[in-house]
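Read through the structure below, which is laid out as structure tokens, and then see the notes.
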Amino acid sequence: MALNRALIFLGPPGAGKGTQAKRIAERYQVPHLSTGDMFRDAVACGTELGLVAKPIMERGDLVPDPIVMGMVEERLCRPDCSGGVVLDGFPRTLEQAQRLEPILERCGLGKPWVIDIHVDDDVLVRRLSGRWTCSVGGEIYNVYDAPPKNAGVCDFDGGKLIQRLDDRPEVVKERLRAYHKQTEPLIEYYRRQGLLETVDGSASVERVSSAIARVIERAQGRDGHL
Ligand code: AP5
């Protein structure tokens, strides 16, 4: 079945948004749009956007809304998003959420579905300290719970695994602070509109995936309401 929606993954740093977004995007054959990945690419390429975003990300703060919106709007307008899109790490502020609405209407995607992945802070800190990401294909590993077969090497493409600079404990603390202050209020914002379901993100990756699949299938059977 086609997605034909924007599916938003909300949740704190390390909740598993990237892990789950990748799976759902593959399942429905729609683009996976991660604003964090887009900023990291810009930083790696040394573009003007990357130069602005780099110090902000290294502090664990959020990139200002106008910069984020410009980047996202340009991407969402491309034809490959017309059958649906998975949004990972966006929106993250009330302003971003409100400015997303007319963009989705214009793209013919209507109201989004929002999945809030809930995980307690102490679990998140452990997860982020164990995360390694493939520098080629972006596959995500965890030395504690989902290690690669050979240390430091991606199982799929042999790419070198790297650790993110913003996974240092002092930056993780700031990212969690930014999440609770600026992003967590979106849970209530979307819940009030009947667009949000919460899943328990502390279960295994497979169990979380199954819970998300059930939410989407239920919504598809209910004429679009979550
Ligand atoms: P971004 O890249 O979006 O980072 P984040 O939201 O902090 O989220 P993470 O990528 O750290 O975690 P995740 O939830 O995707 O978890 P993952 O699946 O990797 O943003 C980075 C920065 O960019 C921001 O701080 C900000 O500066 C800027 N930015 C981005 N978007 C922005 C926006 N919209 N506005 C303003 N600024 C923006 O999993 C984490 C680890 O846990 C992995 O090792 C994984 O293997 C493991 N794991 C996952 N699920 C499970 C499970 N169920 N059980 C056990 N382990 C698990």
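We count ligands from 1, going down the list as the structure has it; atoms in each ligand are counted the same way.
The nearest heavy-atom contact from the protein to atom 11 (O) of ligand 1 is Arg175 NH2, 2.6 Å. For atom 8 (O) of ligand 1, the nearest protein heavy atom (residue, atom name, distance) is Lys17 NZ, 3.2 Å.
Side chain of Ser135 to main chain of Gly159: no donor-acceptor pair is present (N/O by atom type, distance under 3.5 Å, no hydrogens or angles).
Considering both main-chain and side-chain atoms, Gly16 comes within under 3.5 Å of ligand 1 through a nitrogen or oxygen pair. Between Asn142 and ligand 1, at least one N/O pair is under 3.5 Å apart. Where the criterion is an N or O separation shorter than 3.5 Å, residue side chain and backbone included, Gly14 meets it with respect to ligand 1. Checking only distances, Val68 never comes within under 3.5 Å of ligand 1, N or O to N or O. Annotation: Asp88 places no N or O atom under 3.5 Å from an N or O atom of ligand 1; distance criterion only. Looking at ligand 1, you'll find an N or O of Asp61 within less than 3.5 Å of one of its N or O atoms.
Other residues, nucleotides and ligands contribute only 12 or fewer heavy atoms inside 6.0 Å of the CZ atom of Arg207. The environment of Glu48 atom CD is sparse: at most 12 non-hydrogen atoms of other residues, nucleotides or ligands sit within 6.0 angstrom.
With distances taken over non-hydrogen atoms, the option nearest atom 37 (N) of ligand 1 out of Val63, Thr133, Thr35, Leu10 is Val63. Looking at Arg127, Gln182, Arg207 and measuring to atom 51 (C) of ligand 1, the nearest heavy atom belongs to Arg127.
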### Task
Could you walk me through whether Glu174 and Arg177 pass salt bridge (charged side-chain N to carboxylate O under 4.0 Å, His left out), step by step?
CA-CA 5 Å; Glu174 280 311 303; Arg177 188 195 51 75; 2.8 Å; yes

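In this structure, SG on Cys77 lies 7.0 Å from CD1 on Ile103, to the nearest 0.5 angstrom. Distance check, rounded to the nearest 0.5 Å: CH2 of Trp113 to CG of Leu3 gives 6.0 Å.
The shortest heavy-atom distance from Pro12 to ligand 1 is under 4.0 Å.
Both tests hold for Arg126 against Tyr144: distance to the six-membered ring centre under 6.0 Å, angle to the ring axis within 45°.
If you check the side chains of Asp37 and His32, you find no donor sitting under 3.5 Å from an acceptor.
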